Structure formats: C-alpha cells, structure tokens
Amino acid sequence: MTASREELPLVTAERPSILTFSEVRLQLQAQAPVCRIRTPAGDEGWLVTQHAEVKELLQDDRLARYHPDPANAPRFLRNPMLDMLVTDVDVETERRAHEEKRALFTKSFAARRVLDRRSRVEAIAHAKIDEILLSEQPADLHETFSTVFAQNALCDMIGIPEDSRQKLLEQMDRVGAVDQQHAEGGMDAVFGFAAEVAGRRREDPGDDVITRFAESGLTDEQIGVHVVTLLFTGLAGLVSHLDFGVLLFLRNPEQRQLAMNDPEIMARAVDEVMRATIGSPVLPRYAAEDIEIGGETIAAGDLVMLDFSLANFDSRVYDDPEKFDVTRTPNPHFTFGHGMRHCTGAPLVRIIMAVGFTALFSRMPELRLAVPEAELETHAGGKLAGGLERFPVLW
C-alpha cells in the first residue's frame with residue numbers, strides 16, 4: 001500500500017439516512033470492485049464492493065478469521081465481540097472447526113425443525129400485536145414489536161428460559177456496546193450467565209438448540225459461547241430487517257398486497273427485504289496469504305471487508321436494484337452469506353420475518369407512519385438492536 005493512511009477514503013458504519021448508502025461507498029463501487037480504505041478504527045484495509053468479487057472471496061479459503069497477531073490485527077471497529085472473531089489458529093484448523101460448528105448448527109436450525117416450530121413463532125407474534133392493540137397510539141413499533149418479537153422468537157428457538165432472557169440480553173447490550181471499555185466490563189458476566197443458562201437447560205431439556213448442543217457433548221461453557229455468538233450475530237440483523245421490511249412495505253403498498261395475497265410471494269418478499277435493507281460491513285476477515293482479485297493484490301495479513309449491501313445493489317447482477325420487487329427472482333443476495341459461509345440460521349430468520357409481516361399487516365391493515373419518514377433515524381448502535389431509533393406508527 002503506497003498512499004498514506006490519511007489519503008485513503010474513510011468508510012464508516014454510519015449512513016446519511018435510512019435505507020441509503022454513503023456517497024463514499026457508492027463512489028468506491030463505481031471506481032473498482034476492490035478498494036483500499038481507512039476504517040473507523042484508524043486502520044487500513046480493503047473494501048470489496050461488487051457482486052462477483054464478493055462471491056469469489058466467500059468461496060476462497062484463503063480469506064478467513066485467521067491473523068498471526070490477533071491483538072494487533074487491523075480492525076474495522078474496535079469491539080470485544082468483533083475481536084472474538086479474530087483467531088491465530090491456522091487456516092486449515094479453523095476451516096475444520098468451522099465445518100464442525102456448521103454441522104452442529106445445521107442440525108439445530110434445519111428447515112424441518114424450524115417449520116415444526118412455526119406455530120410457536122406465530123403465537124409470539126400475535127401476543128406482541130395483542131399488546132400493541134391495547135396500547136395508546138402512536139406506538140413505537142421498534143420497541144413494541146420488532147425488538148421484542150425478534151428477541152423472544154430467537155430465544156425460544158435457542159432454549160433460553162423466559163425468566164433469564166431479560167438479564168442475558170441486558171448483559172449482552174454491554175458486550176455489544178461500541179465503547180470498548182464499557183463492553184469489556186460485561187464480557188465475563190455475560191459468558192458466565194449464558195453458561196448457567198445452559199446448565200439449567202441441561203437439567204430440563206427441551207426441543208431447542210441448547211439441548212441439542214448438550215446432547216452433542218459440549219460443556220456448559222462451550223454452549224454459553226455459542227449462545228452469545230448466535231444472539232450477537234443474529235439479533236441486531238433480525239430487528240433491522242423487521243423494522244426496514246415494514247417500512248419498505250409501507251412505502252410500496254402494491255408490493256405489500258402481492259405478498260399478503262400469496263404465501264409463496266411473501267417468502268420471496270422476505271428475501272427482497274434481506275437484499276434491500278442496507279447495512280454496514282463490520283465483520284473482519286483477513287488474507288491468510290496474498291490474494292489476486294479485481295486487479296489488486298491483497299497482501300497476507302490485510303483486513304478485508306466484504307460489503308454485502310453494496311453487492312446486493314450491484315446493477316451488473318440486478319435489474320433496477322433500487323426497486324423493491326417482491327417477485328424478484330432469482331435473488332442471489334449475500335445477506336445470508338454464501339456457500340460454506342451461508343448462515344445456518346437462515347430458515348429460522350425467514351420464518352420469523354414471514355410470520356411477523358403476515359401477522360402485523362393482517363391484524364393492522366391500516367398501519368401507517370405517525371411522523372414524516374424524514375424524521376426516522378437509524379438506530380445509533382451500541383446495543384443488541386439494529387433498525388430504527390424510533391418507529392412511531394398509527395393503525
């Protein structure tokens with residue numbers, strides 16, 4: 001890298017407004033598929049902006065979580081939970097561990113298991129809507145539906161008892177805080193409490209993820225780490241997609257009607273919401289050896305950020321990518337990853353979102369914004385909640 005760090009474009013996690021890209025990210029995508037950047041942490045790295053190159057790297061074992069010196073590895077953001085994803089375990093060992101974990105997670109989140117629990121997800125959704133309908137208007141849909149529905153549906157599938165959820169999630173808010181010192185203060189407590197939850201479930205097994213982890217031979221401590229990781233990686237994204245999915249349906253009533261009239265189209269609509277929701281590239285990956293791609297050489301040890309959202313709007317792949325189209329097919333978005341890096345929890349996420357949208361708009365057909373859309377703001381971050389800061393609605 002020859003340009004000074006200060007001369008490189010700064011790519012941050014902030015966006016200028018909801019469901020929009022920063023000008024910097026759009027300019028980088030127009031400029032090249034692989035671009036050198038400066039991160040909010042002050043480090044150098046590479047941003048991969050186009051669909052073909054993102055797909056290629058997701059299939060390349062040379063791009064991994066491995067770095068020979070994790071403590072000093074370049075970062076996008078400095079945060080203990082993200083730091084946990086960086087390892088000095090060699091690439092081959094990491095690959096085998098990933099395959100073993102993937103097999104374990106796939107068994108727990110298999111589509112058939114998830115479908116068998118659809119009625120439980122529906123009951124959770126309708127219970128939260130019942131509470132909203134009994135409340136005064138306007139209501140904050142982010143707090144009263146997207147957040148609590150996502151939390152309870154995900155915790156139910158994982159097997160976290162209801163009387164433990166609030167404490168665990170509050171502790172994880174501290175771990176997920178952007179402020180590193182604040183986040184580190186809660187790490188020991190959150191992993192310890194998650195292990196206690198695993199121990200309780202071991203004594204009282206059920207049809208849930210923790211029980212299947214225990215049956216596989218994992219210790220309570222190992223299960224605790226997996227539980228925290230599942231919540232950290234899954235919850236904020238799920239809340240975001242529920243918030244922004246509702247907003248996209250409110251913006252596009254004809255698309256909402258198409259989806260509400262046909263469960264198969266609603267299933268496609270979920271994927272379109274996943275594609276059209278714009279997030280930030282925060283998960284760190286590193287080149288285990290030199291990688292030639294997009295006319296650039298990514299050196300061993302370099303930080304690589306795969307911008308899934310930019311790739312999901314790549315006009316080389318999508319016709320009219322700015323249009324929200326619930327009938328879009330094929331829809332090869334990267335929000336769930338790809339290949340061996342495909343999210344094993346995708347079947348559950350799809351069920352939660354389809355159930356949530358269907359229940360909400362069937363029970364509240366006159367749902368509408370209570371404020372001008374220009375007043376909506378993206379959640380500031382620092383907690384296990386993405387989406388909107390507030391989502392005031394009337395019905």
Side-chain angles (χ1 to χ4, degrees), residues 9 11 13 15-37 45-63 76 237-238 240-241 244-245 247-249 251-252 254-256 258-259 264-283 285 287 291-296 298 304-347 349-350 353-354 386:
V11 175
R15 294 177 293 281
S17 60
I18 57 174
L19 296 174
T20 60
F21 291 103
S22 68
E23 281 299 317
V24 170
R25 288 168 73 185
L26 291 173
Q27 289 168 3
L28 290 172
Q29 186 182 49
Q31 172 185 317
V34 182
C35 303
R36 295 164 54 202
I37 63 165
W46 297 91
L47 187 73
V48 185
T49 68
Q50 296 179 15
H51 195 280
E53 286 73 19
V54 168
K55 182 177 181 179
E56 182 177 341
L57 286 173
L58 281 172
Q59 299 174 110
D60 194 328
D61 289 339
R62 296 174 298 173
L63 189 69
F76 185 77
L238 185 52
S240 288
H241 290 115
F244 290 126
L247 182 59
L248 286 164
F249 280 128
R251 282 182 176 181
N252 301 275
E254 74 292 343
Q255 297 292 310
R256 179 178 74 237
L258 284 173
E264 290 188 8
I265 294 181
M266 177 60 80
R268 293 186 201 169
V270 166
D271 274 299
E272 182 67 347
V273 168
M274 301 296 288
R275 183 195 71 83
T277 298
I278 296 172
S280 300
V282 298
L283 297 180
R285 293 175 172 86
I291 299 175
E292 301 279 346
I293 187 168
E296 300 284 358
I298 299 175
V304 181
M305 308 303 299
L306 303 180
D307 198 326
F308 291 166
S309 288
L310 275 178
N312 288 346
F313 277 75
D314 192 340
S315 60
R316 299 161 192 81
V317 175
Y318 296 98
D319 293 330
D320 199 3
E322 300 295 331
K323 180 182 178 181
F324 179 66
D325 180 3
V326 298
T327 65
R328 188 183 297 277
T329 183
N331 193 345
H333 65 79
F334 291 126
T335 308
F336 286 129
H338 178 72
M340 284 299 291
R341 304 293 176 180
H342 187 268
C343 174
T344 52
V349 172
R350 285 191 167 102
M353 290 174 62

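Predicted model only: the values in this text are computed from it and were never measured. FYI, side chains are in, hydrogens and waters are out, and symmetry mates aren't considered; it's all heavy atoms of this structure.
- Geometric assessment of Arg275 against the ring of Tyr318 yields a positive cation-pi assignment under the 6.0 Å and 45° thresholds.
- A donor-acceptor distance shorter than 3.5 angstrom exists from the side chain of His51 to the backbone of Pro332, with no hydrogens or angles considered.
- Annotation: salt bridge (Lys or Arg N to Asp or Glu O under 4.0 Å) contacts involving residues 318-333, sequence neighbours excluded, comprise Glu272-Arg328.
- To the nearest 0.5 Å, atoms CG (Leu248) and CZ (Phe324) are separated by 5.0 Å.
- With sequence neighbours excluded, the residues satisfying side-chain hydrogen bond (donor to acceptor under 3.5 Å, both in side chains) with Asp60 are Arg62.
- Residues forming a side-chain contact (heavy atoms from CB on, under 4.5 Å) with Thr20 (at least two apart in sequence, or on another chain): Pro16, Ser17.
- Shown here is Glu254, whose CD atom has more than 12 heavy atoms of other residues, nucleotides or ligands within 6.0 Å.
- Nearest heavy-atom pair across Met353 and Leu238 is CG-CD1, 3.9 Å.
- For Asp271, the side-chain hydrogen bond (donor to acceptor under 3.5 Å, both in side chains) test picks out His333, Arg350, with sequence neighbours left out.
- A 4.5 Å side-chain heavy-atom check between Leu283 and Phe308 finds every atom pair outside the cut-off.
- Contact between Ala287 and Leu63 at its shortest, heavy atoms only, is N-CD1, 4.0 Å.
- Qualifying side-chain hydrogen bond (donor to acceptor under 3.5 Å, both in side chains) partners for Ser280, counting only residues two or more places apart in sequence or in other chains: Arg15.
- The side-chain contact (heavy atoms from CB on, under 4.5 Å) search around Arg268 returns Thr327, Thr329, not counting sequence neighbours.
- Closest approach of Phe76 and Val11 over heavy atoms only: CE1-O, 3.4 Å.
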Q. When you look at Arg36 and Trp46, which way does the side chain to side chain contact (heavy atoms under 4.5 Å, CB included) test go after all the steps?
A. CA-CA 5 Å; Arg36 295 164 54 202; Trp46 297 91; 3.1 Å; yes

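- Legend: residues meeting side-chain contact (heavy atoms from CB on, under 4.5 Å) with Ala267, ordered by chain and number and at least two apart, are absent.
- Across all their heavy atoms, Leu19 and Ala276 have their closest contact at CD2-O, 3.8 Å.
- A donor-acceptor pair under 3.5 Å is absent between the side-chain atoms of Glu53 and the main chain of Val48, judged by distance alone.
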List the atom pairs, with distances to 0.1 Å, where a side-chain N or O of residues 23-34 and a protein N or O form a donor-acceptor pair under 3.5 Å, not counting sequence neighbours.
| from | atom 1 | to | atom 2 | distance (Å) |
| --- | --- | --- | --- | --- |
| Arg25 | NE | Asp307 | OD2 | 2.9 |
| Arg25 | NH1 | Gly279 | O | 3.2 |
| Arg25 | NH2 | Gly279 | O | 2.9 |
| Arg25 | NH2 | Asp307 | OD1 | 2.8 |
| Arg25 | NH2 | Asp307 | OD2 | 3.1 |
| Gln29 | NE2 | Thr49 | O | 2.9 |
| Gln29 | NE2 | Leu310 | O | 2.9 |

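- Considering all non-hydrogen atoms of both residues, Val282 and Met305 come closest at C-CE, 3.4 Å.
- Taking Ala259 as the reference, Phe249, Ile265, Met266, Ala269 meet the side-chain contact (heavy atoms from CB on, under 4.5 Å) condition, with sequence neighbours excluded.
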Which donor-acceptor pairs under 3.5 Å do side chains of residues 334-345 form with protein atoms, sequence neighbours excluded?
| from | atom 1 | to | atom 2 | distance (Å) |
| --- | --- | --- | --- | --- |
| Thr335 | OG1 | Met274 | O | 2.8 |
| Thr335 | OG1 | Asn312 | ND2 | 3.1 |

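- Contact check for Phe244 versus Val273: no side-chain heavy atoms found under the 4.5 Å cut-off.
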